[in-house]
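Structure, as structure tokens:
Numbers restart at 1 for each chain; the letters A, B, ... are given by sequence-line order, proteins then strands. Just the heavy atoms: all of them, side chains too, but no hydrogens, waters or symmetry mates, feed the values below.
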Number of protein chains: 2
Amino acid sequence: MSEAITMSSSRPKQRIYAHLAEIASALGHPHRLELLELIAQGERSVEELAERSGLSIANTSRHLQILRRARLAEPRREGKRMLYSLISDSEVITLLGSLGRVGERNVAEVERIISSYFRARDALEPVSRDTLLERLHGGSVTLLDVRPADEFAQGHLPGAINIPLAELDAALARLPKDTAVIAYCRGPYCVLSYEAVAALRLKGREAYRLEEGYPEWKAAGLPVEA
Amino acid sequence: MSEAITMSSSRPKQRIYAHLAEIASALGHPHRLELLELIAQGERSVEELAERSGLSIANTSRHLQILRRARLAEPRREGKRMLYSLISDSEVITLLGSLGRVGERNVAEVERIISSYFRARDALEPVSRDTLLERLHGGSVTLLDVRPADEFAQGHLPGAINIPLAELDAALARLPKDTAVIAYCRGPYCVLSYEAVAALRLKGREAYRLEEGYPEWKAAGLPVEA
DNA sequence: TGAATATTCAATCTATTTGGAGAATGATTG
DNA sequence: CAATCATTCTCCAAATAGATTGAATATTCA
């Protein structure tokens, strides 16, 4: 029997798989996926991450340690704060994108949530990156970033206007009335842009949602403004 | 405070992340990564998987249930056997590839194992898919599949000769003496082809390792033979 | 030193891994 | 059709690992 060989009980492979499993485990908790989405916008302190994710500070810190040990994120100290960022942002964002694609394709409920919430029938069908580039080139379109101001400040799509979702009603005047609006936010599962589009449509504006967010744009190597 | 909005405590997102976390958790154990590598060669029964992974049947079955609930693999019944296969093989293989790339890039020890074991200095530097295609086109190269015969039978690269690693010494005659050999096996971390190359070089043959395996080739949409 | 941030600890609760025993399912045979 | 066999799944029990909170402990700044 060639079992000893066929069995592939090889040391180097198993050591590699042990590390890869640690990375996958680190992605294996909803809170950590959300933390990664937040960190992907730019470096952020533990306190901010706790506030935006709704977790306690201690728990946030604990989760961050796990991301850190798996080499997905890394902190740097700035005064009393620890600012976390992704380690190879574009590789990590690609990995998260791939995870999402498997979910959308293989898990019926994910597909259901996406098509019922993020891709409403009619004209809410999201705009792809290529379509956006085309329409920006054509001219008459306003690109709207609805993330909080500090996330916008750390990087955004070239030419985008920042109006955080909470201020959208008050700041409507800053959006040209006669051009279509394309809104984006943190990523494919972030609902800020979805809600912005709904709100704008209620006001009679022509609005669409970009199907990806700032991190994916940046990971694709497209130019960003800071 | 716009916390309720900024906090992104949105239902649809959290439901999606719960599913994605389940998928990631399913990848979060070395044994399951190895099972996936085996399943990626083609459908396989619980017994075969247990034998090749070195796990007990009960444990193998348990792990397979987890892959099943995460919608990464699926069984079909054939007589008394349950044959497991990947659900969207090319998406799943892409995900595994992306996981591997993050590991190679971010985890120093993974990079170390790979370059010391899989990429020995000199001429053992692995051959890329493009190089393979080029050299196949050029003619004088023998493509060698060193996986077990049943895996070969379920699909292999066009024109490949199958000599399972265990039989390599005995079957040396089947390899043309004057052309270089490029060997491949189950995937980037599979050691069969590595050992085949080492063995062939001991016999004075010119041999190289393809840096990817059959599943990656197939997932890339390239033609396969069965 | 005191205030602000982040990490670690202790405690608790829950989930995962594993082998072994046995149940369930489907094939085979008398 | 019953009896038997092969294969897979489930349940059990013990060990291990993970998640969460509040309290205690660093670390830095003023």
*Between A:Glu78 and A:Gly28, which has a closest nucleotide on DNA chain D that is more 5'?*
A:Gly28
*How many Å lie between CD1 on B:Ile57 and P on C:dG20, as a whole number?*
12 Å
*Any side-chain heavy atom of A:Tyr184 within less than 4.5 Å of one from A:Leu132?*
no
*So, B:Glu167 and B:Arg174, do they make that salt bridge, N to O below 4.0 Å?*
no
_Can you list everything that forms a side-chain hydrogen bond (donor to acceptor under 3.5 Å, both in side chains) with A:Ser128? Sequence neighbours excluded, please._
A:Thr131
*Side chains of B:Arg44 and B:Gln154: closer than 4.5 Å at any heavy-atom pair?*
yes
*asked:* At less than 4.0 Å, is any side-chain N or O atom of B:Arg81 found next to OP1 or OP2 of C:dG26? Yes or no.
replied: no
*asked:* Using a 4.0 Å cut-off on heavy atoms, which residues in residues 58-77 of chain A reach DNA chain D? List them by number, or say none.
replied: A:Ala58, A:Asn59, A:Arg62, A:His63, A:Ile66, A:Arg77
_Nucleotide range of DNA chain D lying under 4.0 Å from chain A heavy atoms_ = D:dA19 to D:dC29
*Between B:Arg129 and B:Glu216, does at least one N-O distance fall below 4.0 Å, as a salt bridge requires?*
no
*Quick one: which of B:Val224, B:Leu222, B:Leu210 gives a side-chain contact (heavy atoms from CB on, under 4.5 Å) with B:Leu157?*
B:Leu210
*Is the shortest heavy-atom distance from the side chain of A:Leu72 to the side chain of A:Leu27 under 4.5 Å?*
yes
*B:Ile93 and B:Ala40: which non-hydrogen atoms are nearest, and at how many Å?*
CD1-CB, 4.3 Å
